[in-house]
Undergrad: 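Have a look at this one.
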Amino acid sequence: MRHIISLLMENEAGALSRVAGLFSARAYNIESLTVAPTEDATLSRMTIVTTGSEDVIEQITKQLNKLVDVIKVMDLTDGLHIERELMLVKVKAVGAGREEMKRTADIFRGRIIDVTDATYTIELTGTGSKLDAFLEAIDPAFIIETVRTGASGIGRGERSLKV
Amino acid sequence: MIYCQFMEATGAEIVVRCLAEEGVEFVFGYPGGAVLNIYDEIFKQNKFKHVLVRHEQAAVHAADAYARATGRVGVALVTSGPGVTNAVTGIATAYMDSIPIVVVTGQVPTPAIGLDAFQEVDTVGITRPCVKHNFLVKDVKDLAVTMKKAFIIAATGRPGPVVVDVPKDVTAHLTEFDYPATVEMRSYNPVVKGHSGQLKRAVQMLLEAKRPMIYAGGGVVLGDASPQLAELTRLLGFPVTNTLMGLGGYPATDKQNLGMLGMHGTYEANMAMQHCDVLLAVGARFDDRVIGNPAHFAREQRRIIHVDIDPSSISKRVKVDVPIVGDVQNVLTDMLALLKQAKEKPDAAALNAWWTQIELWRSRNCLKYNQNSPIIKPQYVVEKLWEVTKGDAFITSDVGQHQMWAAQYYKFDKPRRWINSGGLGTMGVGLPYAMGVQLAHPDAQVACITGESSIQMCIQELSTCKQYRIPIKVVTLNNRYMGMVRQWQEFFYGSRYAESYMESLPDFVKLAEAYGHVGMRIDKPGDVEAALKEAFSPALKERLVFMDFQTDQTENVFPMVEGGKGLSEMILAEEL
Ligand SMILES: Cc1cc2nc3c(=O)[nH]c(=O)nc-3n(C[C@H](O)[C@H](O)[C@H](O)COP(=O)(O)OP(=O)(O)OC[C@H]3O[C@@H](n4cnc5c(N)ncnc54)[C@H](O)[C@@H]3O)c2cc1C
Ligand SMILES: Cc1ncc(C[n+]2csc(CCOP(=O)(O)OP(=O)(O)O)c2C)c(N)n1
Ligand SMILES: [Mg+2]
């Protein structure tokens with residue numbers, strides 16, 4: 001099963017490598033990992049997308065909690081949550097395909113943020129699967145480059161991860 | 001001790017003062033460029049003693065053994081680069097067995113970090129997977145607080161090694177020294193009290209048991225909970241087994257103790273473990289050497305209560321029914337209180353029948369061996385050692401067959417007496433472990449049970465023992481083989497003994513003498529007892545005695561659970 005794990009940790013040098021090292025040392029999967037400081041600059045917020053059986057996910061959350069720098073861990077997938085990822089796609093936009101590309105981007109609520117005679121650069125946000133769906137909706141031959149941030153997540157409603 | 005607070009001090013002075021404030025008795029170390037400022041401060045002080053080893057690996061092992069034998073944090077000090085890489089084996093060894101140590105490492109000056117400077121290694125990176133935590137101190141202002149954190153983290157919760165990496169320029173920089181009494185860490189708060197609801201469920205389950213079993217591990221020793229374990233076990237009348245790391249956590253000579261369990265555990269302990277209906281696991285981590293094939297273990301129905309301070313130890317390899325996160329001493333104390341209040345008593349009839357079954361298993365006498373051999377049997381040496389030392393010595397061991405015989409035949413009645421590397425299984429620990437133990441307990445009898453292969457991995461420490469007059473007794477069970485490897489090759493590789501023999505062995509008697517010690521070679525069973533008595537006699541009390549026992553080359557360790565087999569599928573000596 002796919003799980004989105006959110007955590008808060010001390011914003012110290014090497015914090016990211018402790019988490020990354022844990023995943024490689026224990027052979028856990030990482031689909032994506034994003035990290036940045038929060039409004040409190042002493043804290044880093046990390047979102048990790050991983051897959052594994054329930055037992056493995058249980059071990060992952062326990063092992064993350066065990067890291068001395070980690071303050072809180074939450075498995076977002078345990079409850080209602082919002083997941084967002086940002087993608088930038090550079091595509092060929094020539095001839096009839098140019099209009100078609102704009103229409104498809106509109107359908108997915110994408111924004112064209114850079115234009116040349118021959119290309120569009122499209123910005124899209126959404127869940128990972130929405131971004132996948134966009135890439136499937138366009139002709140792969142048109143794709144020049146894609147950049148994805150990996151997922152960020154947050155609990156719905158009152159559900160929050162705070163110190 | 002009173003230091004003038006708020007006076008400026010260098011980083012080096014601060015390191016030394018922090019160690020003094022922590023009440024450190026010994027620092028095991030080896031100097032080098034990056035730590036010269038620290039050594040200069042050590043030279044000027046007399047609060048603690050520095051023990052100069054002959055290899056950094058031994059410094060960490062000795063600090064680790066000091067911690068195991070006393071329950072206090074052990075301290076080692078090494079220089080940057082090769083000093084650190086040499087120390088890594090020691091750090092990983094302590095990590096696997098959850099031993100509290102602080103290792104201070106020198107680092108190149110901060111401006112040189114990352115420039116492939118002379119003797120630079122990424123210490124924090126190299127040690128990250130084998131420490132509980134590590135720090136690189138870039139600002140002298142953080143040094144005292146970091147040292148305090150290091151001691152707190154090492155000793156609390158599930159203990160473990162902490163590395164503090166100090167760049168050379170930081171040891172020269174000045175700041176005000178103020179050693180905090182404690183430090184709050186919002187990210188680090190180990191749970192120590194057991195959950196009361198879980199405790200009640202556990203007690204209920206114990207009282208309902210028909211075929212109960214207590215499985216006690218290293219956590220009982222680390223958490224100093226032997227008295228509580230003994231009280232609980234006796235109150236309930238249940239059988240108990242110890243892991244290799246838990247030996248001495250419950251007296252070995254007590255009737256209720258079934259001995260060690262696991263790969264080389266006793267028949268009765270393994271059978272009881274497999275066939276119990278309620279299992280109380282305390283401070284033990286269901287290691288693969290302990291439960292054998294987990295699928296086979298899961299075939300029998302049993303309910304499991306697991307007490308451990310580290311949530312990640314629980315349901316890692318074996319699913320449990322009642323997890324209790326907390327300090328073993330606290331949890332057992334709470335359990336005892338609940339048991340004493342309870343109206344129900346353990347089911348006496350069921351317990352009787354269970355003990356009858358256990359005694360039947362015990363009557364297989366799985367540790368018997370040939371007492372009439374004309375060649376020295378290694379088991380016999382350990383048994384005699386137990387007799388000669390009246391079962392009251394501190395025993396360290398190396399890794400191999402001799403380690404298993406030490407565990408099986410030296411009956412440990414007290415905790416912190418058995419000092420060995422279980423998790424990493426590091427050959428070479430025996431001699432430096434004995435140094436750390438003897439320094440911690442100068443008047444105690446300390447013996448190192450070792451093999452002719454293991455002892456050569458840290459043999460240089462005989463020189464340290466001479467310098468500090470450390471009078472340990474080395475008991476070498478010399479089978480001219482890497483016996484444990486040879487045993488596996490005999491069983492699983494058609495007796496093809498690839499590279500597992502020890503040729504060109506030194507003359508250990510002469511070697512011991514060359515280092516300034518007493519050497520003895522013992523060839524006949526009839527001479528074993530006399531040699532041991534002489535070694536432990538008042539005449540040699542102050543001397544290190546190296547005993548080279550020429551033991552049976554073909555002897556194997558039994559019982560044995562082969563890799564992948566179930567716990568109850570043991571090979572016994574008589575079956576071969
Ligand atoms: C050659 C060889 C053969 C071996 N054969 C065997 C064998 O036959 N049988 C055997 O048992 N082992 C054997 N071992 C050792 C084995 O590899 C493991 O090291 C050992 O079994 C682990 O012991 P343990 O489960 O007690 O855990 P430890 O490694 O001692 O871990 C302690 C546990 O207690 C917890 N803990 C620590 N402090 C506290 C506290 N205050 N409160 C609560 N919990 C706490 C920790 O979180 C941890 O889970 C062998 C090793 C070697 C090298
Ligand atoms: C540093 C290290 N290298 C290799 C091993 C693998 N190993 C385990 S036991 C053993 C042989 C030990 O031989 P010896 O010290 O003579 O003890 P014996 O088994 O003969 O009693 C070896 C090589 C190890 N545990 N540690
Ligand atoms: Mg040998």
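A note on names: the letters A, B, ... follow the listed sequences, proteins ahead of strands, and every chain is numbered from 1.
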Undergrad: Taking NZ in B/K148 as the centre, count heavy atoms belonging to other residues, nucleotides or ligands within less than 6.0 Å. Is the count above 12?
TA: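 Yes - once you tally the heavy atoms of other residues, nucleotides and ligands closer than 6.0 Å, there are more than 12.
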Undergrad: Please look at A/D55 and chain B and tell me whether the side chain, the backbone, both or neither of the residue comes under 4.5 angstrom of a heavy atom of that chain.
TA: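 Only the side chain of A/D55 comes within 4.5 Å of chain B.
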Undergrad: Heavy-atom distance under 4.5 Å to chain A: side chain of B/R128, backbone, both or neither?
TA: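 Side chain of B/R128 only, per the 4.5 Å heavy-atom cut-off to chain A.
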Undergrad: Can you name the closest pair of heavy atoms from B/S187 and A/I71 and give their distance?
TA: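 For B/S187 and A/I71, the tightest heavy-atom pair comes out as CB-CG1, 3.4 Å.
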Undergrad: Quick check on A/K130: does its NZ atom have over 12 non-hydrogen neighbours (other residues, nucleotides or ligands) under 6.0 Å away?
TA: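 Enclosed: over 12 neighbouring heavy atoms sit under 6.0 Å from NZ of A/K130.
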Undergrad: Looking at A/I154, I want to see if its CD1 is surrounded by more than 12 non-hydrogen atoms of other residues, nucleotides or ligands under 6.0 Å.
TA: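 Open: at most 12 neighbouring heavy atoms sit under 6.0 Å from CD1 of A/I154.
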Undergrad: Look at atom NZ of A/K62 and say whether more than 12 heavy atoms of other residues, nucleotides or ligands are closer to it than 6.0 Å.
TA: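 Yes, the 6.0 Å shell around NZ holds more than 12 heavy atoms from other groups.
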Undergrad: Would you check if B/K149 and A/V68 make a side-chain contact, meaning some heavy-atom pair closer than 4.5 Å?
TA: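 No - every pair of side-chain heavy atoms lies 4.5 Å or more apart.
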Undergrad: As an exercise: rank A/L43, A/V163, A/T61, A/L67 by heavy-atom pairs under 4.5 Å with chain B and give me the winner.
TA: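 Highest number of heavy-atom pairs under 4.5 Å: A/L43.
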Undergrad: Just give me the residue among A/N65, A/V56, A/T42 that pairs up with chain B most often, heavy atom to heavy atom, under 4.5 Å.
TA: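 Winner by heavy-atom pair count: A/T42.
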Undergrad: Can you name the residues of residues 7-32 of chain A that have some heavy atom under 4.5 Å away from a heavy atom in chain B?
TA: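 Near chain B, by residue number: A/E10, A/S17, A/R18, A/R26.
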Undergrad: Is it true that atom CZ of A/R159 has more than 12 heavy atoms of other residues, nucleotides or ligands lying nearer than 6.0 Å?
TA: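 Yes.
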Undergrad: Just checking heavy atoms, which of residues 306-316 of chain B are less than 4.5 Å from chain A?
TA: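 Residues B/D310, B/P311, B/S312, B/I314, B/S315, B/K316 are the ones that qualify, each having a heavy atom under 4.5 Å from chain A.
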Undergrad: Check the surroundings of atom CZ in B/R317: do more than 12 heavy atoms from other residues, nucleotides or ligands lie under 6.0 Å from it?
TA: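 Yes, because the 6.0 Å sphere around CZ of B/R317 holds more than 12 heavy atoms from other groups.
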